[in-house]
Every structure is written in C-alpha cells, then in structure tokens.
Amino acid sequence: MAGMQAIDSARYLPSNTKAATDAAVTPIAAGMKGSMILKIAGQVRELIAQGRVVANFTVGDFRPEQFHVPSELSAGIRRSLDAGATNYPPADGVPELKAAIARLVERSWGMKIDPSWVCVGSGARPPIYSSWQLFVEPGDRTVSFLPMWNVGYYAHLFESDHIFVPTSADTDFFPTVEQARQAMRGARLVVINTPLNPTGTMIDPKVLEGIARALVEENEGRERPCMLLFDQVYWAITSGDRAHANPCVLVPECTPYVVHVDAISKWMCATGLRVGWAVLPPYLQGRMKALIGHMGAWAPRPEQLAAAALIDDEAALSSWFDELNQQVTARLERLYTGISRLRDDGLAVDAIAPQGGIYLSFRVNLVGRGFDSNEAIRTWLLDTAGVAVVPFQAFDMVEDSGWFRMSVGAVGLDDIDGALARLESALRSLG
Ligand SMILES: Cc1ncc(COP(=O)(O)O)c(C=O)c1O
C-alpha cells in the first residue's frame, strides 16, 4: 500500500537457527536426514556454473530437452484447462482416470478390477506415504531390500523397526525367496520396487512368485496381516528381455495384501505434473482416499483428465512407449557397451546390463586400491572425469562396495560419449 512502512521481519527471527528448530519441531522432523542426491546435485550445478563439462547422471528425473512428455498429454492438459477444469477433483481421482487405470491394469497384466480399486494422488508419493500410514505403527516391523529408493525416510517418519535385507549383484540386487520369507516373519509391511531404482534391474518372476506365496503363507492365521507395497512406477520402461511381473497375477491369493503404486511420472516423463495412484483392494481404498483427501494430495484435474484420455488410447500409448523405450535403451546401451569395453581393456569398472527403468548399476572397483570409500571415488569421478554419479549409500546400502547409480534421464548420446572418453583417461591416469 502506498506510504506504508514495511517491517523488517527477519530481525525478529532467532539467532541460533538450529536450537530454535530443534525446540520447535518434533524429534522425527528434526531427525529427517537431508537427501544425499540433492547434495550431489548442488555440487554438479556449482561445477557447471564454473564452466566445467559435467555429464549429470545423478538425477532420477528427465531433462525436458532430452525427454518431453507425450504431445497428446500436453494438448489434453491445455484443452481441459481451457474447458474450465480448475476446481477440486474428487479426493480419490476423477472417474475418467480411475476407469482408465482399471482398464490399463486388465490390459497390461490380465488383472480384472473395477475403478473402486483405484486411489489417485499427486504422484506416487502420496499413495506410498498413505500406505505406511495405513499399516505401520511405531515399533512395527517393516522390511525392504538393499539398495532401494527412499524407504529409509519412510521408516524414519513412521518410527518402524525396519529391517534392510542386504542383496548383491549376483541376484541383480533382489532378495532370494528365502531371505524375503525370513524377513517377513511378523512384519507389517514389506516393500518391493521393480524395475528397481537405483539398479535398473527387474525382479525375476519366479522370485516374485515365491515371495508372493511366502506372503500368503505368512498371513495364514495372522490377526494383522503383512502387507506388500509393490512400487512399479517404471514398469513400462524396459530394456532387456525380462517382462514386468505382477504378484497378484502370479499368486492371486495374495491380492488382499498388495498395494500397487504407479504414476505417469516416469513412463510419461511427467515428474512435475504430479499424477500417481495406488491400485489396492476396495476394502482398503476408502481409508487411503480419506488420508489423501486430508493431505490435499490430489492430482490437478486437467492432468488427470489428459492422462485418462491417453491411457485409454491404446494405439497412442503403445507408440509412445515404443518411442520412450527406444530413447532410454539407446542411452543405457551406449553407456553399458562403453563401460563393458573399458572393463574388457582391464580397467577397474563394470556394469550390469540394463533391464528396466532409467538406471544403470555401475561399479568402480577401486576401494582398497588407492581409494578408501565410495565417496572418495565419487568425488574423484566428478572432479577428474566430470562424471556425476550417486553411490548406492544414497539408497541405504552401508558398505563401500564401489557400486553407483547412473541415470540417463538428463543426458544425450553426446554427453555419454564425452563422459566415457573422460572416464577412460581418468582411469588410465591412475596407472
Ligand atoms: C521407485 C520410485 N517410486 C516412487 C517414486 C516417486 O514418484 P513420484 O514422483 O510420482 O512421487 C520414485 C521417484 O523417483 C521412484 O524412483
């Protein structure tokens, strides 16, 4: 307002920020760890600002210059917006999207469901958060397998007695059936993600079937069941021969215990548009709807309507998947072939052939050979080769095994070629 003297509000803030924060917030909020990936992303930005050439393999996202959303999606959003779709959507999603998702599930996996099984949210995270809220009380046992995206944060938020089951490259970083069976004993929630972030590997359907059977057996006679949170947000992005498998199709008896989580975030390259959903038995759907409604974590109406139209257009969706997979596979294969060539030349690197998602498991086998940790290797790769990667420690793995995640969502083939050349000379300079 004209003539008004503005107060310098910052003068009234506490001088000891940390003490003030700790006093004001709950111990859970105070104890939330910052994201290692975001810290690394900050370093990459700084180097690029200094004029350094850096290939950024760190972000689990798409750079729009490299991966645009389907044109049908952006046109559909514009149309819905122009038509006035700007009010609150229903808390569990617009009927058009719920029905389209039910049809997609039947078409893709042969699982016959109706729209009452679907609960839409703003991306995959609200359904994930709600699943923890639905099933987990402080001290309850929860289970996941190492490495896996973000589970540690949810276990912290819900104060669960969390078991991280270690896995290895020999099993593509998935558990054996026996490992899962043991860990599920007495647990309330087990989390499986396939295709897996960070490894770019997919679970063997036989292993998934064994785990689904073990889940059914575990729940026989139990008062409060163990639930499976099945995170399949990358299911439509596959590079190898392995098909995406669904536990409720492999072992239909496990259906009462499974919450599927999905989103357009990854397979429509639309991370910023925030449309995700859970497919869960109707006896639970109403409870998730209530949680999402009170969070206000619904997806915007125009995005929901446009996503519904594209999901229902089988021909357009299938040609979009072809285009996306061709783009992702070209990048992953270029990286994998390049790293394999360096390994065959005797350099201390390795990778797992891409299977699904936008990631490659990349190993730099130098711990104990001039480097004492993954972190030391990571900073050396960044400083010397301009290759930015994320160590598996960002996905709760503890040991310094030399494994890193490389994401291809923000790079083109030229970036990859440049990175491989710089990587080769950095490795050769070690002698
Ligand atoms: C395995 C996995 N699940 C869920 C998500 C979250 O997806 P959204 O952005 O839709 O919340 C991510 C994002 O990176 C992911 O990698």
Side-chain angles (χ1 to χ4, degrees), residues 36-37 60 128 141-156 160-187 189-215 218 226-235 238-240 242-247 250 258 261 332 336 349-365 367 373-374 377 389-407:
M36 190 190 284
I37 303 178
I128 293 173
R141 170 159 298 181
T142 52
V143 177
S144 66
F145 308 97
L146 287 174
M148 196 187 289
W149 172 85
N150 266 13
V151 178
Y153 296 110
Y154 292 103
H156 171 80
S160 68
D161 169 20
H162 191 76
I163 301 186
F164 287 112
V165 179
T167 71
S168 74
D170 298 338
T171 53
D172 289 342
F173 294 106
F174 284 102
T176 61
V177 175
E178 208 36 52
Q179 275 182 309
R181 186 196 309 281
Q182 301 266 347
M184 277 191 301
R185 272 200 195 122
L189 185 69
V190 55
V191 187
I192 292 181
N193 164 224
T194 183
L196 180 59
N197 178 5
T199 61
T201 53
M202 293 171 74
I203 197 165
D204 181 337
K206 285 207 179 61
V207 173
L208 185 60
E209 183 178 339
I211 294 175
R213 274 194 209 297
L215 179 68
E218 168 65 22
C226 178
M227 306 298 294
L228 169 60
L229 179 58
F230 188 68
D231 180 339
Q232 53 174 8
V233 296
Y234 298 95
W235 68 269
T238 54
S239 303
R242 198 166 270 181
H244 178 69
N246 184 302
L250 294 168
V258 179
V261 172
L332 285 171
Y336 175 66
V349 289
D350 204 351
I352 299 181
Q355 298 173 10
I358 57 172
Y359 307 110
L360 190 79
S361 289
F362 168 49
R363 189 170 199 199
V364 184
N365 212 354
V367 175
S373 64
N374 277 15
I377 296 172
V389 294
V390 180
F392 275 10
Q393 273 99 345
F395 309 96
D396 293 310
M397 247 187 166
V398 176
E399 71 266 25
D400 285 297
S401 56
W403 283 104
F404 297 87
R405 180 186 85 171
M406 292 181 113
S407 164

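No hydrogens, no waters, no symmetry mates; every other heavy atom, side chains included, goes into these values.
- We find the CE-CE distance between Met397 and Met148 to be 11.5 Å, quoted to the nearest 0.5 Å.
- One distance of note links CG of Leu228 with CG of Leu208; it measures 7.5 Å at 0.5 Å rounding.
- Between Leu332 and Gly357, the shortest heavy-atom distance links the atoms CD1-O, 3.6 Å.
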Trace of the ring-ring contact (aromatic ring centres under 6.0 Å, His included) decision for Tyr359 with Tyr234: CA-CA 10 Å; Tyr359 307 110; Tyr234 298 95; 5.4 Å; yes
Working note: Ile128 + Leu229, criterion side-chain contact (heavy atoms from CB on, under 4.5 Å); need CA distance, chi angles, decisive distance, verdict. CA-CA 8 Å; Ile128 293 173; Leu229 179 58; 4.1 Å; yes
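- Centroid-to-centroid, the aromatic rings of Phe392 and Phe173 come within less than 6.0 Å.
- Taking 4.5 Å as the limit, every side-chain heavy atom of Arg405 sits out of range of all side-chain heavy atoms of Val389.
- Taking the side chain as every heavy atom from C-beta outward, Gln355 and Pro195 never approach each other to under 4.5 Å.
- The two residues Val151 and Ser144 have their closest heavy-atom pair at CG1-OG, 3.5 Å.
- In this structure the side chain of Val349 never reaches within 4.5 angstrom of the side chain of Arg363, judged on heavy atoms.
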Any chance you could lay out the side-chain contact (heavy atoms from CB on, under 4.5 Å) test for Val143 and Val165, step after step, and finish with the verdict? CA-CA 7 Å; Val143 177; Val165 179; 4.0 Å; yes
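- Between the side chain of Asp396 and the backbone N or O of Pro147, no donor-acceptor pair lies under 3.5 Å.
- In terms of heavy-atom proximity, Pro391 sits nearest to Met36 at CG-SD, 3.9 Å.
- Checked by atom type and distance alone, the side chain of Asn197 never pairs as donor or acceptor with a backbone atom of Trp149 at under 3.5 Å.
- By the salt bridge (charged side-chain N to carboxylate O under 4.0 Å, His left out) test, Glu399 pairs with no residue at all, sequence neighbours left out.
- Closest approach of Ala169 to Ile352, counting heavy atoms only: CB-CD1, 4.1 Å.
- Distance alone, capped at 3.5 Å, is enough to place a donor-acceptor pair between the Asp231 side chain and the Val233 backbone.
- Asp400 CG to Asn374 CG: the interatomic distance, rounded to the nearest 0.5 Å, is 4.5 Å.
- Taking the side chain as every heavy atom from C-beta outward, Val258 and Met227 never approach each other to under 4.5 Å.
- Here Phe174 pairs with nothing under the ring pair (Phe, Tyr, Trp, His ring centres under 6.0 Å) rule; sequence neighbours left out.
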Just do the side-chain contact (heavy atoms from CB on, under 4.5 Å) check on Thr238 and Met202 with the steps written out, would you? CA-CA 9 Å; Thr238 54; Met202 293 171 74; 3.7 Å; yes
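- Taken to the nearest 0.5 Å, the CG atom of Asn365 stands 9.5 Å off from the OG atom of Ser401.
- Taking CG from Asp350 and CZ from Phe362, the interatomic distance works out to 9.5 Å, rounded to the nearest 0.5 Å.
- Proximity of a side-chain donor or acceptor of Gln182 to a complementary backbone N or O of Gln179 within less than 3.5 Å is not detected.
- For Asn150, the side-chain contact (heavy atoms from CB on, under 4.5 Å) test picks out Arg125, Tyr153, Tyr154, with sequence neighbours left out.
- Using a 4.5 Å cut-off on side-chain heavy atoms (C-beta onward), Phe395 and Leu146 make no contact.
- When all heavy atoms of Gly402 and Val367 are compared, the closest pair comes out as N-CG2, 4.3 Å.
- Under the salt bridge (charged side-chain N to carboxylate O under 4.0 Å, His left out) criterion, the residue pairs touching residues 204-214 are Glu209-Arg213, with sequence neighbours excluded.
- Shortest non-hydrogen contact noted between Ile358 and Gly60 is CD1-C, 4.2 Å.
- For Asp172, the salt bridge (charged side-chain N to carboxylate O under 4.0 Å, His left out) partners at least two apart in sequence or on another chain are Arg242.
- Put simply, the residue from Ile203, Leu250, Val190 that forms a side chain to side chain contact (heavy atoms under 4.5 Å, CB included) with Ile211 is Ile203.
- Phe164 meets the ring pair (Phe, Tyr, Trp, His ring centres under 6.0 Å) test with His162; sequence neighbours excluded.
- Here the CE-CG distance, from Met184 to Leu189, works out to 11.5 Å after rounding to the nearest 0.5 Å.
- Looking only at distances, no side-chain donor or acceptor of Thr194 sits under 3.5 Å from a matching main-chain atom of Leu196.
- Put simply, the side chain of Glu218 never gets that close to the backbone of Arg181: no donor and acceptor are under 3.5 Å apart.
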